[in-house]
Amino acid sequence: MKKLSKKDLLLIGLMLFSLFFGAGNLIFPPFLGQSAGSKTWVAMATFFITAVGFPVLGVVAVAKSNGLTNLAKRVNPVFASIFTVLIYLSIGPCLGIPRAGSLPFEMVVAPYLPESVSNTLALLLFTSVFFGVAYWLSLSPAKLVDRMGKVLTPTLLALILVIFVGSLFKPLGSYGVATGEYVTSPLVKGFLDGYLTMDTIAALNFGIVIALAIKSKGVKDEKVVVSTSIKAGLIAGTLLIIIYSLLAHLGAASGGRFGAAENGAHTLTNITTYIFGKPGAVLLAVVFTLACLTTSVGLITSCSQYFETLTNQISYKNWVRILSLSSMLLANMGLTKILAVSVPVLIAIYPISIMLIVLSMLDCIFKERFGVYRSTILFTGIVSVVEALSQVGIKLGFFTNLCSQLPLYAEGLGWVLPALVGMFLGAVIEIVNGNLSYNKAFEKA
């Protein structure tokens, strides 16, 4: 029974880190730190749950289930088809990939363009080159471990480390004061901030990429694939926690020196310019572009592998071409429009994704019992969809009013109690029907 060498395991762990670590992961922790100030580490404690814990568990859940579709089928085959396609579209060509292509331009290129240069033309040129490179890297998924694990990820980590080391020689100062919701509810705010990384949803895509990467190294036994995925997830998760902590610290210290900034990119711009002067802008541009590129490659690869399974008419390489081109075109809509769509979509599908992962981790108890999965996802989905519709101004009368009375609804966590109630009711129904034995289930667990 073949197992990966320590070197290959490390490379796959680095690859998984690079798949997760896009520009969003780069800008949200320092912005959290700047906004939370003295309460940074209180908020970061729950940020780690949604930005690190659930993504790592998501990779494991998909590896254990041999794909997102198989995991979602425990709810219902129709749900599996709709939800899986929605996940891949939202995290892929309709939202995640275009966002990754437009973000580095908007944050580190557009501000420095001469007035004589057309912003529209510059964005088109930038995204053409960006997605051209992403297309080339995505054509050979078997080589991703070497290209990303050996080159792109170490380069990205080294650049971030340079910024942190620079801050030691030119300190930013003490932490600022907490602002906004961080003053009254830093734990809840930190938990919700983790949504914005989109990594829990992305993990449902990347799980199959990691499993295939492990198998490409000659590992065939499914148990070994799952255990190796867990180890790779722990490596990636550890790196994410370290990098997030460094960035949050820099952000919190910058709040005391520079005050409020519009977003995390401006926070990082202030930090790098203060430490390195004008060359700091170039350093930040390289970091942003690398972070976005690695995530784009992972998303294009995973989406292409999935869509190839839906039809025999279009090959993997053609899907790479289609997704790269469509993402480039959508990226030229501009970051503002893309982000305006992202919030309600995340509110709708993030809680469902979290509960699918939770159920997968508890499957030693529930043993894939459809009743538990269906009731949990139904109760979760009703609240999350109602809340998402409310975000875009669509009210559903009685349902909206009912959901608004739930605990933590105002904080964006109204789905938590219904999810737990749905899980409990599903388990009770399965026990009553004789499909689930209380004693035996917990003995096996």
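Computed over heavy atoms, backbone and side chain alike; hydrogens, waters and symmetry mates excluded. As the structure is a computational prediction, the values presented were derived from the model and not from experiment.
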[X] side chain vs [Y] backbone, donor-acceptor pair below 3.5 Å:
| X | Y | result |
| --- | --- | --- |
| Ser304 | Thr301 | no |
| Thr272 | Thr269 | yes |
| Thr273 | Asn270 | no |
| Thr179 | Ser35 | yes |
| Thr289 | Val286 | no |

Closest contact, heavy atoms only, [X] versus [Y]:
| X | Y | result |
| --- | --- | --- |
| Leu32 | Ala43 | CD2-CB, 3.9 Å |
| Thr200 | Ser353 | CG2-CB, 4.3 Å |
| Ser384 | Gly381 | OG-O, 3.2 Å |
| Pro93 | Leu323 | CG-CD2, 3.7 Å |
| Thr84 | Ala80 | OG1-O, 2.5 Å |
| Ser245 | Met44 | N-CE, 4.4 Å |

Quick one: pull up [atom1] in [X] and [atom2] in [Y] and give me the separation to the nearest 0.5 Å.
| X | Y | atom1 | atom2 | value |
| --- | --- | --- | --- | --- |
| Cys292 | Ile97 | SG | CD1 | 12.0 Å |
| Leu16 | Leu11 | CG | CG | 12.5 Å |
| Phe307 | Ile322 | CZ | CD1 | 10.0 Å |
| Ile300 | Arg321 | CD1 | CZ | 13.0 Å |
| Leu9 | Ile214 | CG | CD1 | 8.0 Å |
| Ser404 | Leu406 | OG | CG | 8.0 Å |

**OP:** Take Phe48 and Val52 through the side chain to side chain contact (heavy atoms under 4.5 Å, CB included) test and state the conclusion after the steps.
**Re:** CA-CA 5 Å; Phe48 288 144; Val52 180; 4.1 Å; yes
Please list, one pair per line, the donor and acceptor atoms closer than 3.5 Å that link side chains of residues 167-176 to other protein atoms, with sequence neighbours excluded.
residue : atom : partner : partner atom : Å
Ser167  : OG   : Phe164  : O            : 2.5
Lys170  : NZ   : Tyr274  : O            : 2.8
Tyr175  : OH   : Trp41   : NE1          : 3.4
Tyr175  : OH   : His249  : ND1          : 2.8

Find out whether [X] and [Y] are in side-chain contact, i.e. whether some heavy atom of one side chain is under 4.5 Å from a heavy atom of the other.
| X | Y | value |
| --- | --- | --- |
| Asn25 | Tyr244 | yes |
| Thr46 | Val188 | no |
| Leu293 | Phe130 | yes |
| Trp319 | Cys303 | no |
| Phe83 | Ile377 | no |
| Leu14 | Leu157 | yes |
| Ser254 | Leu250 | no |
| Glu387 | Thr400 | no |

Original post:
Between Phe191 and Phe47, does the ring centroid distance fall short of 6.0 Å?
Top reply: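 No; Phe47 has its ring centre 6.0 Å or more from that of Phe191.
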Original post:
Are the aromatic ring centres of Tyr135 and Phe131 under 6.0 angstrom apart?
Top reply: no
**OP:** Please list, chain by chain and in numerical order, all residues satisfying salt bridge (charged side-chain N to carboxylate O under 4.0 Å, His left out) with Lys215, sequence neighbours excluded.
**Re:** Glu222
Original post:
With Lys189, which residues qualify under salt bridge (charged side-chain N to carboxylate O under 4.0 Å, His left out), at least two apart?
Top reply: Asp193
**OP:** Would you please test Thr376 and Val421 for side chain to side chain contact (heavy atoms under 4.5 Å, CB included) and show each step?
**Re:** CA-CA 7 Å; Thr376 304; Val421 170; over 6 Å; no
Original post:
Among Leu240, Asp199, Ile201, whose side-chain contact (heavy atoms from CB on, under 4.5 Å) with Pro55 holds?
Top reply: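 Considering Leu240, Asp199, Ile201, a side-chain contact (heavy atoms from CB on, under 4.5 Å) with Pro55 is found only for Asp199.
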**OP:** Run the numbers on Leu204 and Tyr88 for side chain to side chain contact (heavy atoms under 4.5 Å, CB included), then give the verdict.
**Re:** CA-CA 9 Å; Leu204 298 177; Tyr88 277 98; over 6 Å; no
**OP:** Evaluate the criterion side chain to side chain contact (heavy atoms under 4.5 Å, CB included) for residue pair Tyr316 and Asn318; output intermediate values, then yes/no.
**Re:** CA-CA 5 Å; Tyr316 168 81; Asn318 281 332; over 6 Å; no
**OP:** Can you establish whether the number of heavy atoms outside Glu308 located under 6.0 Å from its atom CD is more than 12?
**Re:**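 Yes.
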